[in-house]
Amino acid sequence: MPKFAALLLPALLLFTPAHALKISVWDNELQTKLGDGESSGNQLKLRLVGDYSGPVVVLFAPSDEERARNAFPNLKSRYSGVLRGGQLDLQLDGGPQSVTRFLNSFRLNVTLQVPGTPVTLPGLKAAPANKK
């Protein structure tokens, strides 16, 4: 039986879904976390605060495995953006684009947590004041 277990463990690790891409959204001064998300397969779940309006910094971090496979070619690690009422737009060279549309180009389906639904994020102590 131990021989079988020794063969089974590596097989289970191969089929365990890897978390490929992490995203975090911060205020412009990188003081307050306003959102986060993580992909599994081709799904990315993104949680954003709904009561913030203003400029943000969006950080992307692919896993080492995804980086080695070049799963997200041309994806930068940092983008500027704007968050308004739970809607996130990235400031790209061709103009603003929703994060959903942007990530669809990488074959990721984005699920946004509905604004107005309570969001708890690690490190978020209180909802930040609206910035205009």
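What you see is a predicted model; the values in this text were computed from it and never measured.
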Fill in: Close side-chain approach of V99 and V25, heavy atoms under 4.5 Å
no

Worksheet item: Taking atom CZ of R47 and atom NZ of K45, what is their separation to the nearest 0.5 Å?
Response: 10.5 Å

Worksheet entry | 4.5 Å side-chain heavy-atom contact, D89 and Q87 | no

Discussion item. According to side-chain contact (heavy atoms from CB on, under 4.5 Å), who are the partners of N42, at least two apart in sequence or on a separate chain?
Written reply: N109

Fill in: Aromatic contact, Y79 with F102 (centres under 6.0 Å)
yes

Response to the item:
The reported gap from CG in L103 to CG in L90 (rounded to nearest 0.5 angstrom) is 7.5 Å

Discussion item. Within this structure, what is the OG1-CH2 distance for the pair T32 and W26, rounded to the nearest 0.5 Å?
Written reply: 8.0 Å

Worksheet entry | Residue pair L88 / V56, side-chain heavy-atom distance below 4.5 Å | yes

Worksheet, complete the sentence: Distance col, row S39:OG vs L46:CG, nearest 0.5 angstrom, shows 11.5 Å

Worksheet item: Are F72 and L108 side-chain neighbours, meaning at least one heavy-atom pair lies under 4.5 Å?
Response: yes

Worksheet item: About how many Å separate CG of L44 and CZ of F60, when rounded to the nearest 0.5 Å?
Response: 8.0 Å

Worksheet item: Is there a side-chain contact between L21 and E66, using heavy atoms and a 4.5 Å cut-off?
Response: no

Worksheet entry | Joint cluster assignment, L92 & V82, ILVMFWY side-chain distance < 4.5 Å | no

Practice prompt. Spell out, as yes or no, whether a donor-acceptor pair under 3.5 Å connects the side chain of D27 to the backbone of L30.
Written response: yes

Item to complete: May I ask you to test the Q113-L48 pair for a side-chain heavy-atom distance under 4.5 Å?
Response: no

Discussion item. Can you confirm whether more than 12 heavy atoms, excluding those of N70, are under 6.0 Å from its CG atom?
Written reply: yes

Discussion item. When you compare the side chain of V57 with that of N28, does any pair of heavy atoms fall below 4.5 Å?
Written reply: yes

Item to complete: Check salt bridge (charged side-chain N to carboxylate O under 4.0 Å, His left out) between R67 and all other residues, then give those that pass, not counting sequence neighbours.
Response: D64

Discussion item. Applying a strict under-4.5 Å side-chain criterion to I, L, V, M, F, W and Y, I'd like to know whether Y52 and L112 cluster together.
Written reply: yes

Worksheet item: Got a second to check how far S24's OG is from E38's CD, nearest 0.5 Å?
Response: 11.0 Å

